[in-house]
Each structure stands twice: as structure tokens, then as C-alpha cells.
Engineer: 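Quick one: this structure, given as C-alpha cells, is what I'll be asking you about.
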Amino acid sequence: MTIRDSESYDRPPLGHASYWTTIVAEVTSGWPDDVYAELEAAGIRQVSYVPDAGHSRLIQRCQANPAMRTVSLTTEEEGVAMGLGAWLGGDRHVLLMQSSGVGNTINMLAAPIEMRVPLLMLVTMRGEWAEFNPWQLPMGQGTRAALESVGTLVYPVDQPAEIAPTVGAAAHMAFNTGRAVAVLIGQRAIGAKNWNK
Amino acid sequence: MASVNTLHTSASPMLRRGLVEAILARRGDALVVTGLGTTCYDVFSVGDNPLNFYNWAGMGGAAMVACGLALAQPARRVLCITGDGEMLMGLGSLATIACEKPANLSIVVMDNEHYVETGMQGTHTGRGVDLAGIARAAGFPVATCIAEADAFPAALEAIYGPGPVFVNIKVSPAQPPMTLPMRDGPYIRSRFRDALLGPAVAHPVMLPASKPQ
């Protein structure tokens, strides 16, 4: 993967058609594969997600594993509830989402947090590094505070090499201590998008 | 009771408690997830069971808790017994569940057309919103609404038939005496997992590392 320095990334001309049509980022480095390996090692059996470009490779890897049930959600709070049910039934679950979706989860987090049920969440960030869309900023800037405000443990990570080890540590924390844990995968690590491609 | 019934827009005279009791009388080893409020108290009031998950938070999440549980335990029937207000808050989950089609999942909505606990405000189901119709349109192979006692035996068969099942039952908003279950989340969690998975899984011990000879 080409991790572009945000200082040098090609900004698209506003209004150019490809600005919107090439919105799916190409995440081609090894880190999604390494994250997948951590999830597999942690014994994850249920993967729920609201798609994000930064998670696309990871979702594909999980879908290819018959031992993992991947579930597409209509909204992120469904995944919080689903993760609670999975744990009651003996399955380990991970919720994949974009930072904008964190806002949809807050009230539902009360249940796993009050019950001390493990909940692992992997959040790809928007609105916090080299963002082009100002409408992403309110939730992107508030993601960590919102999660922490209800008692979620939050691990931000900006270096690609640190993402998988952080996911492994977060899974360990969640499933061994019964906590809601979120890894925030920074926009800087995901790689800037070349909207003109 | 009379004052309650003046607020009752449904023609149904059915009382909820006996219906919940009749549904759970057939549960066998089924796993039960309640909604918030009245359905939670209904399920506890007709008989406590370690395999009941009493829901005290996260309105709109009951069906998805049941979905996660159903996917984890495909050999067990999972019953979600919730209310119309709670189900209305999680309509998207009907789409998600309809896509996943867990054959062991049944969702039963005790639809009294009111938010009883908050002062008897009307819900959308009293103004024409058809939850079973929404479930059917989402793709539930079995989705029905009953409003009369004569239809209950067939609904009961459906609830324990191939899923995913969605059954909406129109009931009176009259509130029977409520007994509230325990509220200690970790206790509810551990009791459930002990009963379902066994203590070795629910509470694993750490054995001493074997020493090299």
C-alpha cells in the first residue's frame, strides 16, 4: 500500500465527477490482513459491520472464512446488541464501522457496559486527518469523547504497523476483562484517497 | 381498568400476561430475550428462568440481541418477546434479520399500541403502522398479526415453527400486576451463560503452567 503523506496527496478538483465515483479507497497494504489474522487468533465467530472503505479488505477476508459469520447491519447500534447476544450464546463478535457510526451506538452501549459483556469495535476514522468533507468533522472530532463518555476503552492508532498489534491487545482486553473496547484507526493510517484516480 | 380501556384503540380484548404464559409454557430449553419494560416484567412474572435475558437498556436492540444469540446457538430456539414501542425503535433490525434468516429465531411483539410506562402515549401501531407487514416486506418467511384469541393457537404453532418468525399480537394496554426482575447486569449475564454454556466456559479458571522437567 502506498501510505501517502497528507501533505503531498493529490486533492481532487471540487465538482469533478471522479470526486464521488472513486470514493472507495484502495487499501492495499498488509495491515487489514494482519488485523484479520488477529481476529482469527482471538476466535472471532461473528463479524457485524456497516461498511467503510477502510474496512473493505478486512470485510472481504472475514467473508471468505466459513468459520466467521459476517452480518451487514442497517445501523451500528444493531451490532452492539448483536454482540451482546453473541456473548450470551458463547460466540466472540467484532463490530466494524466508521467513526460517523459511533454516534449511533451510544445508548445501546449501556447494555454491554453495564453487564460487563465484552464488545470489540474497530472504527475507521473520518473527520480527523486530511479530511475533505467538513460535514464529517463534528462526529469525527467527537468520536473518542462520545465513546469514553459512556465507559468505552478507546485505543487510537495512527501508524499502520501498530494497527494489528493494537487490535490484538484490544481483543485481549475486551474478552478477558469484560469491557467495551474501541480501536480508532486513524485516517492517516488508512491512507489518503486519490479522488482523481 | 375502565380508564385504561378508554385509551385503547385496538378492538382486541386479549390480555397480555396469559398469552406470554402460554407461549413460555412450551419453551422447553428455548433461550428468551425480552424487550424493555412491560415485556421484561411479563416474562419474569410468569416464571424466572436462568435462560431469560432481562433487558434493562438499549431500547430497539432486543431483536438483534436475539439474532446474535440465535447465530451463536443454532440448535436452540431463541424467542424475543418485546413490545411495539421497542420494536418500532429497531425496525432496521427486521431487515438485517430477514437477510440472515436464522431458522431458530422467533420475534413476538406484544402490541398494546401504547407506551404504557411513560404515560400511555399512543405508538405508531395504533395509527395504522403494521409491524407484521413490515417484517413480511423485509423478507420474513413467516410474519403474521393476530388480534383475536381464536387465532392464538395457530400463532403459537408458528412461534415454535421454522423461522425466522415474526408474530405481532394485539393486546389490551391494561397492565397486570408487575413483578420486576433482578437488575444486576453481570448476574443476569453470568447466570445465563452458566446455564447455557456451563461454568467451565462461562468462568474459565487458569491452571498453573506446567514446569519443565
Side-chain angles (χ1 to χ4, degrees), chain A residues 43-51 62-63 66-95 97 101 104-120 150-152 172 175-180, chain B residues 31-33 36 51-76 78 80 86 89-100 102 104-105 138 183-198 201-204 206:
Chain A
I44 298 293
R45 290 288 171 270
Q46 296 187 20
V47 181
S48 69
Y49 65 91
V50 174
C62 295
Q63 285 172 333
M68 289 185 181
R69 179 70 174 248
T70 54
V71 174
S72 173
L73 309 167
T74 71
T75 178
E76 293 80 359
E77 65 186 320
E78 291 176 11
V80 176
M82 185 181 162
L84 196 167
W87 182 252
L88 288 177
D91 267 2
R92 293 184 174 199
H93 166 275
V94 65
L95 168 57
M97 62 182 146
N104 297 341
T105 67
I106 298 302
N107 182 55
M108 199 66 74
L109 284 169
I113 287 173
E114 183 57 23
M115 292 175 72
R116 291 274 309 279
V117 161
L119 184 69
L120 178 63
V150 291
T152 307
H172 196 83
F175 296 117
N176 285 295
T177 74
R179 257 65 182 191
Chain B
L31 314 174
V32 174
V33 174
L36 297 176
L51 296 176
N52 290 347
F53 170 55
Y54 301 117
N55 211 344
W56 284 97
M59 187 164 173
M64 284 306 296
V65 172
C67 180
L69 184 54
L71 295 179
Q73 292 287 329
R76 302 287 281 265
V78 177
C80 174
E86 205 276 344
M89 201 176 276
L91 288 180
S93 61
L94 295 178
T96 299
I97 291 165
C99 288
E100 298 304 321
N104 57 331
L105 175 59
R183 284 153 291 163
D184 182 353
Y187 174 72
I188 295 168
R189 170 208 64 189
S190 290
R191 193 176 72 139
F192 191 104
R193 281 170 51 89
D194 275 347
L196 176 62
L197 307 169
V201 174
H203 299 285
M206 299 175 82

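Only this structure's heavy atoms are used, side chains among them; waters, hydrogens and symmetry mates stay out. All of these numbers come straight from a predicted model, not from anything done at the bench. Proteins come first, then strands; the chains are lettered A, B, ... in the order of their sequence lines, and each starts at number 1.
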Engineer: Heavy-atom pairs under 4.5 Å with chain A are the metric here; pick the option from B:R76, B:M59, B:R193 that has the most.
Structural biologist: B:R193
Engineer: To the nearest 0.5 Å, tell me how far B:S190 OG sits from A:M115 CE.
Structural biologist: 8.5 Å
Engineer: Determine, for A:W87 and B:R189, whether the Lys NZ or Arg CZ falls below 6.0 Å from the six-membered ring centre while staying within 45 degrees of the axis.
Structural biologist: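 Relative to the ring axis of A:W87, which defines the angle, B:R189 lies outside at least one limit.
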Engineer: Step through the shown structure and confirm whether more than 12 heavy atoms of other residues, nucleotides or ligands are within 6.0 Å of NE2 on A:H172.
Structural biologist: no
Engineer: Would you say the side-chain atoms of A:Q46 pair up with the backbone N or O of B:G68, donor to acceptor, closer than 3.5 Å?
Structural biologist: yes
Engineer: Need one label for A:T70: side chain, backbone, both or neither, based on atoms under 4.5 Å from any heavy atom in chain B.
Structural biologist: backbone
Engineer: Tell me, out of A:G85, A:S72, A:A110, A:G79, who's got the most heavy-atom pairs with chain B below 4.5 Å.
Structural biologist: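 Greatest number of close heavy-atom pairs with chain B: A:G85.
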Engineer: At a heavy-atom distance under 4.5 Å, which candidate from B:A95, B:P204, B:G61, B:G92 has the highest pair count against chain A?
Structural biologist: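 Looking at each of B:A95, B:P204, B:G61, B:G92 in turn, B:G92 comes out on top.
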Engineer: For residues A:A81 and B:M64, report the shortest heavy-atom separation together with the two atoms involved.
Structural biologist: CB-CB, 3.7 Å
Engineer: Between the side chain of A:E78 and the main-chain N/O of B:S93, is any donor-acceptor distance below 3.5 Å?
Structural biologist: yes
Engineer: Given that the side chain runs from C-beta out, which part of B:L197 has a heavy atom under 4.5 Å from chain A: side chain, backbone, both or neither?
Structural biologist: side chain
Engineer: Does any N or O in the side chain of B:Q73 come within less than 3.5 Å of the main-chain N or O of A:G89, such that one atom is a donor and the other an acceptor?
Structural biologist: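 Side chain of B:Q73 to backbone of A:G89: a pair is present.
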Engineer: Donor-acceptor pair, A:R45 side chain versus B:L71 backbone, under 3.5 Å?
Structural biologist: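 Such a contact is absent between A:R45 side chain and B:L71 backbone.
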Engineer: For the interface with chain A, which of B:V65, B:N55, B:V201, B:L31 has the highest count of heavy-atom pairs at distances below 4.5 Å?
Structural biologist: B:V65
Engineer: Return the minimal non-hydrogen interatomic distance between B:F53 and A:L88, and the atom names on each side.
Structural biologist: CG-CD1, 3.8 Å
Engineer: Tell me, out of A:H93, A:E77, A:M82, who's got the most heavy-atom pairs with chain B below 4.5 Å.
Structural biologist: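 It is A:M82.
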